[in-house]
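Structure, as structure tokens:
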Amino acid sequence: MAHECDDCGASFGTLTRLRLHDCGDVQPETTVGLADREQSQSTGSSPADERNRSVTELETLLDRFSDGDRDALHYALVEFESALSAAVEEANSGDTYRDVFWPYHERVGDALDEAARSAGWSFLEDVIDAHDPTADDKIPLVTPTVANAVGRNLIRTRLTDGVSAIPVAALEYLDTIVVTADDTADTAREEVHAYGWGIGHPDHSVADHLRARASEDIFSVNPTLEHAFYADQYAAVDLLETLVRDQSIDGTLPRITRDDMPYRRYLLDCVYGLKTDDYWPGMPRYYDWDEEFDYTFELDETVEQRIRDLVEEAGFDANLPNDWTFRDLGI
């Protein structure tokens with residue numbers, strides 16, 4: 001459905017793009033900070049000035065969201081992106097970037113989660129569209145924060161309404177981040193691990209996507225598969241068997257004092273916590289899904305035996321104790 005601006009007549013695919021477009025006729029109240037920044041850029045202000053201005057506006061917009069203005073959150077994301085972009089341009093940009101990113105990653109992620117819980121998936125789908133990770137050469141700097149909120153609601157939807165209720169757009173977004181992001185985009189890559197909760201979706205094959213990128217992206221596939229076990233241990237063990245038996249996955253991890261570790265052995269690290277109740281996957285950040293749902297997990301005996309048989313079949317038990325446990329498979 002197209003959304004048309006009443007003032008300039010431009011048409012947009014989503015409400016978010018309509019709200020955020022630069023209308024030459026009328027500028028809504030929520031874009032005052034953006035206009036000020038554009039004016040300051042034309043007068044040659046420094047990256048530090050731009051960062052401070054965006055952070056101030058971001059604070060204002062988060063306060064407005066807390067007061068019930070949901071639209072303010074869309075603009076808060078724009079200011080967050082702007083503050084991070086300015087931080088990148090500063091001297092000692094690494095420390096400056098972290099000083100901006102980490103405090104607001106949590107606050108904005110919490111706000112996005114709150115909005116999604118109130119308005120439903122349509123709100124996050126609007127955000128996803130407005131901050132498309134494929135639109136430019138680099139993924140948006142707010143991508144980890146958006147992915148965090150998407151991951152939280154993906155897990156929540158799976159546990160409350162079932163896998164079919166997860167929007168395909170949410171799964172495609174998380175998968176696209178991993179495919180698109182640079183190898184150095186560690187935080188963005190970590191926040192997508194909840195993608196595993198979509199395993200078994202009728203309209204998006206998580207298993208097929210993980211198989212397709214296992215050789216090139218083992219460090220993301222492993223923790224994603226770990227999440228999948230908590231979503232559907234039977235589908236997850238099917239996928240684990242397929243991956244470990246796939247001889248085309250022939251990469252290795254270097255180790256200083258021992259032989260290199262095959263990727264297929266590393267994949268078995270994903271079952272490390274399945275037999276204990278004192279360990280849960282740590283992503284998405286700031287979200288204890290096991291506590292929210294008082295979640296308990298019990299590994300089916302047949303699934304446990306399949307994993308044990310798989311370890312022995314692949315010969316990966318050779319360097320394990322005779323009485324090895326799943327903890328011994330951890331890396």
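These numbers come from a predicted model, not from an experiment.
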**Prompt:** Is it true that Asp95 and Arg98 have a side-chain N and a carboxylate O under 4.0 angstrom from each other?
**Reply:** yes
**Message:** I'd like to know if the side chain of His131 reaches the main chain of Asp126, judged simply by a donor and an acceptor atom lying under 3.5 Å from each other, with no hydrogens or angles considered.
**Reply:** no
**Prompt:** Hey, does the side chain of Asn222 reach the backbone of Cys270 with a donor-acceptor pair shorter than 3.5 angstrom?
**Reply:** yes
**Asked** Is any side-chain N of the basic residue among Arg308 and Glu304 closer than 4.0 Å to the acidic one's carboxylate O?
**Response** yes
**Request:** Before giving the answer on side-chain contact (heavy atoms from CB on, under 4.5 Å), spell out for Ile249 and Val244 the whole-Å C-alpha distance, their side-chain angles and the decisive distance to 0.1 Å.
**Result:** CA-CA 8 Å; Ile249 303 175; Val244 171; over 6 Å; no
**Message:** For Thr184, is there any backbone N or O sitting under 3.5 Å from a side-chain donor or acceptor partner on Arg189?
**Reply:** no
**Message:** Ring centroids only, cut at 6.0 angstrom: are Phe297 and Phe229 within range, meaning strictly under it?
**Reply:** no
**Asked** Could you state the interatomic distance from CG (Leu84) to OG (Ser82), rounded to the nearest 0.5 Å?
**Response** 9.0 Å
**Item:** Interatomic spacing from CD1 in Ile139 to OG1 in Thr180 - rounded to 0.5 Å
**Value:** 8.0 Å
**Asked** Of the non-hydrogen atoms in Phe101 and Leu141, which two are nearest, and what is the gap between them?
**Response** CE1-O, 4.4 Å
**Item:** Ion pair Glu313/Arg245, N-O distance below 4.0 Å
**Value:** yes
**Glu125 to Ala169 - nearest heavy-atom pair and separation** = OE2-CB, 3.7 Å
**Message:** To the closest 0.5 Å, what do you measure between OG1 (Thr224) and CD1 (Ile218)?
**Reply:** 10.5 Å
**Asked** Does a side-chain N-to-carboxylate-O contact under 4.0 Å join Asp175 and Arg213?
**Response** yes
**Asked** Does the pair Arg158 and Ile199 meet the rule for a side-chain contact (heavy atoms from CB on, under 4.5 Å), with working shown?
**Response** CA-CA 10 Å; Arg158 175 82 188 228; Ile199 195 166; 4.1 Å; yes
**Prompt:** Would you find a donor on one side and an acceptor on the other, under 3.5 Å apart, between the side chain of Gln233 and the backbone of Leu274?
**Reply:** no
**Asked** How are the rings of Phe219 and Tyr263 set to each other: parallel, tilted or perpendicular (split at 30° and 60°)?
**Response** perpendicular
**Item:** Under 3.5 Å: donor-acceptor pair, side chain of Arg265, backbone of Leu329
**Value:** yes
**Prompt:** Is it true that a side-chain atom of Ser85 and a backbone atom of Glu81 form a donor plus acceptor pair closer than 3.5 Å?
**Reply:** no
**Fill in**
Nearest heavy-atom approach of Pro133 to Pro140 is CA-CD, 3.7 Å
**Request:** Kindly check if the number of other-residue, nucleotide or ligand heavy atoms within 6.0 Å of CG (Asn322) is above 12?
**Result:** no
**Message:** Can a side-chain donor-acceptor contact be found between Thr96 and Arg51 if the only test is distance below 3.5 angstrom?
**Reply:** no
**Asp232 side-chain N/O to Ala228 backbone N/O, donor-acceptor pair under 3.5 Å** = no
**Donor-acceptor pair between Glu59 and Tyr104 side chains, under 3.5 angstrom** = yes
**Prompt:** Taking the inter-plane angle between the rings of His204 and Tyr195 on a 0 to 90° scale, is it parallel (under 30°), tilted (30 to 60°) or perpendicular (over 60°)?
**Reply:** perpendicular
**Prompt:** Is it true that Asp238 and Arg306 have a side-chain N and a carboxylate O under 4.0 angstrom from each other?
**Reply:** yes
**Prompt:** What's the spacing between Leu268 CG and Leu240 CG if we round to 0.5 Å?
**Reply:** 5.5 Å
**Item:** Enclosure of Asp328 CG (heavy-atom neighbours >12, cutoff 6.0 Å)
**Value:** yes
**Request:** May I ask you to check whether over 12 heavy atoms, not counting those of Asp137, lie within 6.0 Å of atom CG?
**Result:** no
**Prompt:** Would you call the rings of Trp280 and Tyr230 parallel, tilted or perpendicular if under 30° counts as parallel and over 60° as perpendicular?
**Reply:** tilted
**Asked** Is any side-chain N of the basic residue among Glu292 and Arg156 closer than 4.0 Å to the acidic one's carboxylate O?
**Response** yes
**Prompt:** According to a 4.5 Å side-chain heavy-atom criterion applied to Ile, Leu, Val, Met, Phe, Trp and Tyr, with indirect links allowed, do Met283 and Ile177 form part of one hydrophobic cluster?
**Reply:** no
**Asked** Got a salt bridge between Arg64 and Glu57, using NZ or NE/NH1/NH2 to carboxylate O under 4.0 Å?
**Response** no
**Pair Lys138 + Asp182: basic N to acidic O under 4.0 Å** = yes
**Item:** Trp121 vs Thr157, side-chain contact (heavy atoms from CB on, under 4.5 Å): CA-CA, chis, key distance, verdict
**Value:** CA-CA 10 Å; Trp121 271 108; Thr157 300; 2.9 Å; yes
**Asked** Does atom CZ of Arg258 have more than 12 heavy-atom neighbours, drawn from other residues, nucleotides or ligands, at distances under 6.0 Å?
**Response** no
**Asked** Parallel, tilted or perpendicular for Trp102 and His105, by the 30°/60° rule?
**Response** perpendicular
**Reported NE2-to-CG distance for the pair His201 and Leu154, which is rounded to 0.5 angstrom** = 8.5 Å
**Short side-chain donor-acceptor distance under 3.5 Å, Asp63 and Thr60** = no
**Prompt:** Is the centre of the Tyr272 ring less than 6.0 Å from the centre of the Tyr279 ring?
**Reply:** yes
**Message:** To check you understand the geometry: which heavy-atom pair defines the closest contact between Arg285 and Glu191, and what is its length?
**Reply:** NH1-OE2, 3.3 Å
**Message:** What's the separation between atom CG in Asp129 and atom OH in Tyr173, rounded to the nearest 0.5 Å?
**Reply:** 11.0 Å
**Message:** Just by distance, no angles: are the side chains of Asn148 and Tyr286 close enough, under 3.5 Å, to form a donor-acceptor pair?
**Reply:** no
